[in-house]
2 protein chains.
Amino acid sequence: MQSQITPEADDSPPTGNDLRVARTKARIITAVIACLDEVGYSETSINRVQTTAGVSRGALTHHFPSKEAMMVETLERLLDPVRGGTHAPDAIGQATGRGDGIAADMARLWSKVLNTRPGRALVEILVAARTDAALSARIQPSLTAYNDQINVNIHSLYQSPTGDADDIQVLWTICRTFLRGLHLQARFEDNPKQTQRLLERFAHIMEPHMTARSQTKAERHEKPV
Amino acid sequence: MQSQITPEADDSPPTGNDLRVARTKARIITAVIACLDEVGYSETSINRVQTTAGVSRGALTHHFPSKEAMMVETLERLLDPVRGGTHAPDAIGQATGRGDGIAADMARLWSKVLNTRPGRALVEILVAARTDAALSARIQPSLTAYNDQINVNIHSLYQSPTGDADDIQVLWTICRTFLRGLHLQARFEDNPKQTQRLLERFAHIMEPHMTARSQTKAERHEKPV
DNA sequence: TTATAAACAGAACGTTCGGTCTTTTACAAG
DNA sequence: CTTGTAAAAGACCGAACGTTCTGTTTATAA
């Protein structure tokens with residue numbers, strides 16, 4: 001909130017204090033994501049984040065007044081890629097719609113987006129929010145916006161063979177529900193082969209019910225509402 | 001471990017001290033299940049269980065030397081119904097295989113077994129065990145036995161139209177994975193209608209891939225290995 | 001150069017956690 | 001009734017939690 005000398009849009013590379021702040025916050029959020037992935041939400045204590053990030057307790061508290069705020073901001077960062085936000089390209093768009101089949105789409109979505117460190121960290125926050133009313137209330141708007149965005153994108157990526165517009169949303173929600181279940185399961189068994197097999201079989205079952213739209217990425221993004 | 005006057009099988013109604021012990025343990029385990037369902041694993045502290053059960057800290061510690069032991073025994077109790085254990089009849093067997101379609105089976109399985117207080121409590125323990133190595137190690141044998149039992153039962157309930165014996169296991173695992181995902185989702189949205197819709201649509205998709213075997217319940221249980 | 005505010009450091013706070021301990025109560029055997 | 005043993009009660013412990021606090025450093029504007 002300083003060094004606002006240039007009134008032009010803030011696309012200039014940050015310098016001085018802004019750079020320092022950006023670096024510190026990035027270190028902290030990266031540490032939060034790493035902790036979430038490695039030890040889960042309940043073990044992601046402020047002390048552990050502080051140690052992992054290599055910052056002082058004061059720096060941490062200065063940028064994030066509470067653990068909840070820290071988690072909310074981490075979630076925002078994790079949601080950015082799938083929303084095509086500022087920090088990363090549209091991950092789902094890049095993983096899907098290449099025209100080589102829904103099974104291939106889903107395999108890429110799993111390996112390139114969901115079963116990654118950020119993907120697993122995101123699930124950890126969502127799982128924790130189920131039973132944490134305060135956290136849940138705080139992240140609900142972001143999640144709603146995220147869901148809406150998903151539903152928009154899915155309409156431009158796939159369509160139901162019957163032409164039912166609502167059905168494709170239901171079908172994609174089924175896919176997401178399955179993938180969520182797969183996430184929890186993947187933590188237990190250290191057998192990626194079995195996970196892969198389930199994923200392929202499921203995609204093969206879903207394939208006849210969801211046909212891909214063939215169009216360019218630009219077309220996909222032209223109707224953002 | 002007392003009043004063993006009668007060497008006959010312990011089917012006699014417990015009296016005296018045994019009754020007191022049974023009641024206290026039952027109160028505690030019931031309280032654990034209630035807490036897990038209502039506030040989740042992380043908030044299910046010993047203090048909360050103690051208050052909910054209406055017993056003292058000493059009584060709790062006397063029967064369960066550690067929180068982990070308390071959770072393990074609760075899990076055993078929760079697994080009993082699906083294993084056809086001593087405390088309850090075979091819940092899955094009762095919910096499925098009535099010959100009125102897989103969609104009906106799955107709807108019953110959801111409403112009568114999974115989306116109940118014990119069902120939700122069970123999921124809470126499983127979710128917690130993902131990131132709790134000690135708990136995970138402790139419950140792994142029970143879960144493996146549980147999985148084996150499920151796989152046995154599923155072979156006598158359904159078969160693949162192609163006759164592939166392995167495939168029916170994969171298909172049922174897909175169903176369980178989906179239902180697990182549905183469990184997590186159901187906590188967020190308080191819209192049972194939408195959950196029901198997803199469930200019905202999913203079951204309809206799976207139906208052609210899983211045909212029911214028509215046989216009696218006795219036949220189903222005759223090959224327990 | 002100096003004033004000001006943000007960024008950072010780290011000690012200390014009160015609370016709650018799971019676990020241990022001693023004491024009292026209830027039951028069953030002699 | 002007396003006595004031995006297990007159940008139940010509740011005080012208590014150290015550790016870890018998230019938060020709050022004061023002090024110090026750094027960067028920027030006047």
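All values derive from a computational prediction rather than experimental measurement. Every chain is numbered from 1, with letters handed out A, B, ... down the list of sequences.
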Closest-nucleotide ordering on DNA chain C, the 5'-leading residue of G54(A) and I46(B): G54(A)
Output field: ring centroids H155(A)/W172(A) closer than 6.0 Å: no
I28(A) CD1 - dA7(C) P separation (whole Å): 12 Å
Integer-rounded Å distance: dA11(D) C1' and Q50(B) CD: 12 Å
S66(B) side-chain N/O to dG18(C) phosphate OP1/OP2 under 4.0 Å: no
Residue-phosphate contact under 4.0 Å: H62(B) side-chain N/O, dA8(D) OP1/OP2: no
Nucleotide dA8(D), atom P - distance to CZ of R23(B) in whole Å: 11 Å
R23(B) CZ: over 12 foreign heavy atoms closer than 6.0 Å: no
Ring geometry between F178(B) and F202(B) (parallel below 30°, tilted from 30 to 60°, perpendicular above 60°): parallel
Whole-Å distance separating the CG atom of D132(A) from the C1' atom of dG18(D): 13 Å
Audit row: N147(A), R176(A), side-chain hydrogen bond (donor to acceptor under 3.5 Å, both in side chains) steps and yes/no: CA-CA 11 Å; N147(A) 273 323; R176(A) 290 174 62 202; 2.8 Å; yes
dC8(C) OP1/OP2 closer than 4.0 Å to side-chain N/O of H63(A): yes
Between C1' of dT28(D) and CZ of R20(A), the distance in whole Å: 11 Å
Candidate nucleotides dC8(C), dT20(D), dG10(D), ranked by approach to the side chain of R57(B) - the nearest: dG10(D)
N or O in side chain of S45(B) less than 4.0 angstrom from dT16(C) OP1/OP2: no
R130(A) with E124(B): basic N within carboxylate O range, under 4.0 Å: yes
Nearest-Å distance for atom pair CG/C1', residues L60(B) and dT20(C): 14 Å
S56(A) vs dC8(C): side-chain N/O to OP1/OP2 distance below 4.0 Å: no
Nucleotide nearest A59(A) when distance is taken to its side chain, options dA9(C), dG19(C), dA7(C): dA9(C)
Sugar-phosphate, base or nothing in reach of T61(A), heavy atoms under 4.0 Å: base
Atom pair distance, as rounded to whole Å: CD in E43(A) and P in dA16(D): 11 Å
dT16(C) OP1/OP2 closer than 4.0 Å to side-chain N/O of N47(B): no
Interatomic distance where CZ belongs to F64(A) and P belongs to dA6(C) [whole Å]: 17 Å
